[in-house]
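Numbered from 1 within each chain, the chains take letters A, B, ... in sequence-line order. All of these numbers come straight from a predicted model, not from anything done at the bench.
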Amino acid sequence: MSKIRTKVFLMLVAMFSVSIGCSATLADTEAAGKKGLSYGEYGRPTTLDPITSNDMISMRITELLFNGLVGINNKQQIVPELAESWEQSADGLQYTFHLRKDVKWHPKAGQEAQPFTADDVIFTYNIMMHPRTVTSLKVRYDFISEVKKLDQNTVRFTLKRPIMNALPKFTFKIIPEFGPSNAAFLGRDDPFVQNPIGTGPYRYKETTANGEVVLEANPDYFKGAPKISRFVAKPFADQNIMNQALMYGSIDMSVLVNPRNVPEIQGDKRLRLQSYSALSYQFFGYNTRNPLLADKRVRKAFTLAINRNEMLNSFFNNQGTVISGPFAPGSWAYNLDVKPLPFDAAEAEKLLVQAGFKKGSDGIMVKDGKRLVLTLKVPIAQESESVKRVVLAFKTYLRRVGAEINVEFLEWQSWKEAVFANHDFDIMFASWVFDDSADISSLFHSGEIGAWRNNFGGYSNPEIDSLLVEAKNTLDHEKRRTIYRKLHERLADESPYTYLWTLTNYAAYDRKVRAVQIHPYKFFSYADTWYIGEGGDDKGADAPAKATK
Amino acid sequence: MRRSSWKAIASVLSQELVTTAALLLGVSLVVFLILYLAPGDPFAALLGGRNLSGAERDAAFDALGIPRTWYGQYLAWVGHVLQGDFGISMRSGQPVARELFSSGMNTLFLTVGSLIVTLGVAVPIAAYAAVQPASLRARAGILLVYLVSALPTFWLGYMLIYFFTRKLGLFPILSGSDETQEYSWLFALLPVVLLGLGNGALSEIVRYLREEISRVMSEEYVRTARAKGASVWRHAYKEALLLPVSQIIAAKMPFVLGGAIIVEQVFNWPGLGRIAWQAAQDRDYPVIMAITLLAALVVRLGSFMHRAVYVAVNPRASQQ
Amino acid sequence: MKTNFQQDVDTVSEYSQLSAWQSASIGDRVSVGYGLCVVLVVVLSYILGAFGWLPHDPDAMDLETMMAGPFTNGYLLGTDFMGRDILTRLILGIQAYFLPGVLAVIIALGLGSLLGVLAGYWRSRFETSVTYFSNLIDSLPRMVLMLLVIAAFRPNIYTIMVVFGITTAPTIAMLVKGKVMMLRERNFIESAVALGLSSRVIIFKHILWYNCRALLLIQATIGMAEAVLIETSLSYLGFGVQEPTPSWGNMVQAGANYLMQGDFWPSTAPAIAIMLTVLGFHLLGDGLNNIFEGRRNR
């Protein structure tokens, strides 16, 4: 008996001492031998092509693999990419792009690299607009009436009508004509969407069985070979573990740090925390088809009833800004004169009473025998834990003014069907991410009501409609800004949404990664000039923002 | 080993092969039917998300070479599996077999390692408790085992990471990039220990082993051996340890595989469990069917191993 | 475990349960006593929760007092990541397990007894098919099967518990079958048939009630413990009971998000509740097993 026990004990001791011995050497080899960069992701990308992918994880990867005709630099200026120059016709209806002649597609295994030509541009546009292609991009490009190849390196886009600030729209990524196996339209079952071929700084190498997407530097990149030899996207099912992995050096970068981990990463000398502001905001959207929510006083009362500052402070360490209207505060369209509604539960109750509600014996408001009981539908995302807190807080705040909210968490696909296709919801929670055109007409114009359109709440108001059309038809930036400021004011009062806040996003990375600049939502746009430094510390692209409490 | 025992094992093997084949067929049918009865159309993605009328749908199925009836689809699937073709993952578009192979190896490593941990903990405690049932130490050991088995696995995993990795700096949290793969066994220690302790079966295993050992200890031949001053364990290990241990492995294989799903998630371990979880989220039917079948196969292997050990220890048993 | 199989059980009628309790060891008495206390607390909590007699509003947030330790500001067991009262949510969390767990246990016992009796009583007719069915269920790891059912249908605690019940049935069937075969070996069944008792009376009264009730009770306690652990694991995977409905599993899961930053309490409190409860059920089952089933031939 005693013999067995001793043996087991010795075995355990051996196990522990071995592990201590090795972890030291391990750290050394890791620091010395790595030229690549591995970053943690919240899951696996669905597809790796720029057309069918619609999640942020895929978008970050396609940013490394593909290029658009033009790009946007970190000062928000339009810069040449696949097109080296362009002209705009006097009437603003024609855009002619002169393509670079030295661009080659990533070579397929054992084959010559093929040159990039005007045909690829036309092919990309056509496949993107094909009715059977699975993509969310179509609506963005229906202002184009036709694309013509003038010669091998020149294409001309003709617009249906002149639009302001059209150039940023030509940042869409170009795919090769020989890429997809079906030349007419692109579906998720096409092999191309998992084996992408682009022109970008990195080439797709493989997806390992662990779900890691491995990209290799493209030595023939037309802007010069990138400095980091490879990018590896590592999926994590558990975001707490992802943060631990970052802190213990098994990944070099985390693209989005959870607010609760910000103080911890700030305290780690090895890591740098970098803020990047996304043009996005979170909101609760109302279904105005529900007669209870058709009254703007009810929607406004809901906004008054919730304490947005308290939530921002408690759940996000104050890393963000409470907003008053349908634009992100970083956007030129945001009207700073409109102040966010204060937290005022008494005023909220007053508004509900004005709207014809009476408090019932159980504390729930009643109007014409109808109790103010509403269903809130929320998508479960990988990083949804803070969302959960916001949603539950919303429920609690509203309970205090007499509205009962039943929260339903749905997986992404069924949530989209419920909200966008079937309009089977009373309140929904989501966030919008904008490009810099700040175009909100698809969100609130009554012509955008319908299945899979963005005006999911069925909001309809002739005054807003005409303002939106007026803004769209104005080519003058200042005039348009004035209209948008007016829209902001009106939509703040109308409250088709309860606007919450814009959150400050943080990326965290090992200080050995240098010259890091981050695009607000595409993230890796400037990654071809990042590099991995040896020893010491540089100043970095910009000083890490201090989180203030 | 005597020749007769080889013969006996061979006969068990042939019996077991027939049973296994019949069971796998049954398992695959059950799994197929569950998925078939599920709401939603598993072919929606294939048909491009269109709503087709009956005739259109039939035509589309014919064009894609998919049988129209459920049993036709099932038989087609079985036919493909018999040729080693598990289909294409609906999420990634990769062949399922390829995806499962390497992650299967990772899970195998995890489960085998965890079984060693489980037995390394359970056998000494059980043996001690069987020999000294009334002692305080035996009771404390058993109570400890019960406490550990009653904790949520993932919470225990978080605690292990917190104390060993964060506070003591003992284990790297998980494998780094491929350059460091030669140390991969080291990363495995924590998950292996967690699965070994936290698969929820530890307390049952200890209890079972304790009863088996004490039963054998009280048998005539053991008592005789003890009286003669011979080593008790040399006479009794086959019946008191080998048999129950193989029985345990066979019976607890499903639990270990199930526990692996949680442990792989906690340690970001690239195994079958994570793939199963992802497939459950994506409703990736080909993947989930293949995983279920594979799991059933592993369970049957465990059961076969137990039968073989049983017959090897006691050759006459096979002639019954 | 299939241990009870080989264990001998005495004859049916002359065996007094009172004397078994009197002859039980101190350890077994302590186990059963503790287990009964846990059962009492669980039932009491269920009643409190069902009638809404709770110390706090389970959804009331106190954002000033988030993640507080025990005995803070009138929160007996502290608050969680939303400043909600942990004690209240622990009490209410029982609701998530009680009925689903009972359902699972009923399915497991019912189906298990049915199969066991079929295979043991009418051996020639049913044994092969029951064995096949049991092996079939046993071949599917429970967690994998649950993921499959969750993938096919929706994550719902009742569906999950039905699966749990069905997957537990084979174990019980084997135990019941063992009992029946043991009775047959002792010519008990033949004598009963000779006495003119109908099969129904023999099966329900003499086999299941007189001989299997202790065994079934033990399996029921173990089943309740398992139900808690299963829901906890599924909560971690995101498939358990969904917030804002509290369950111990989703409380541990949500609290664990803050564990790495050193906020142990919000996840440790429900984890301890789980541990004490599961331990109680297991010890109860074990103690009963030792007293009524095992150790009597020693």
- Mind ranking B/Arg274, B/Glu264, B/Gln132 by heavy-atom pairs under 4.5 Å with chain A and telling me who comes out on top? B/Arg274
- Task: Applying side-chain contact (heavy atoms from CB on, under 4.5 Å), name anything that partners A/Asn240, two or more places apart in sequence or on another chain.
- Result: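 A/Asn240: side-chain contact (heavy atoms from CB on, under 4.5 Å) contacts with A/Asp238, A/Arg260, B/Tyr158, C/Asn257.
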- Message: Quick check: closest heavy atoms across B/Val266 and B/Phe154, and the distance to 0.1 Å?
- Response: CG2-CB, 3.8 Å
- Task: For the pair A/Thr47 and A/Ser58, evaluate side-chain hydrogen bond (donor to acceptor under 3.5 Å, both in side chains) and give the outcome as yes or no after the intermediate values.
- Result: CA-CA 6 Å; A/Thr47 54; A/Ser58 306; 4.8 Å; no
- Under a 4.5 Å heavy-atom cut-off, does chain B meet the side chain of A/Pro235, its backbone, both or neither?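 A/Pro235 touches chain B through backbone and side-chain heavy atoms alike.
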- Message: So for B/Leu100, is it side chain, backbone, both, or neither that comes closer than 4.5 Å to the heavy atoms of chain A?
- Response: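 Nothing of B/Leu100, per the 4.5 Å heavy-atom cut-off to chain A.
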- Item | Residues which pass ring-ring contact (aromatic ring centres under 6.0 Å, His included) with B/Tyr162, listed by chain and number, not counting sequence neighbours | C/Phe264
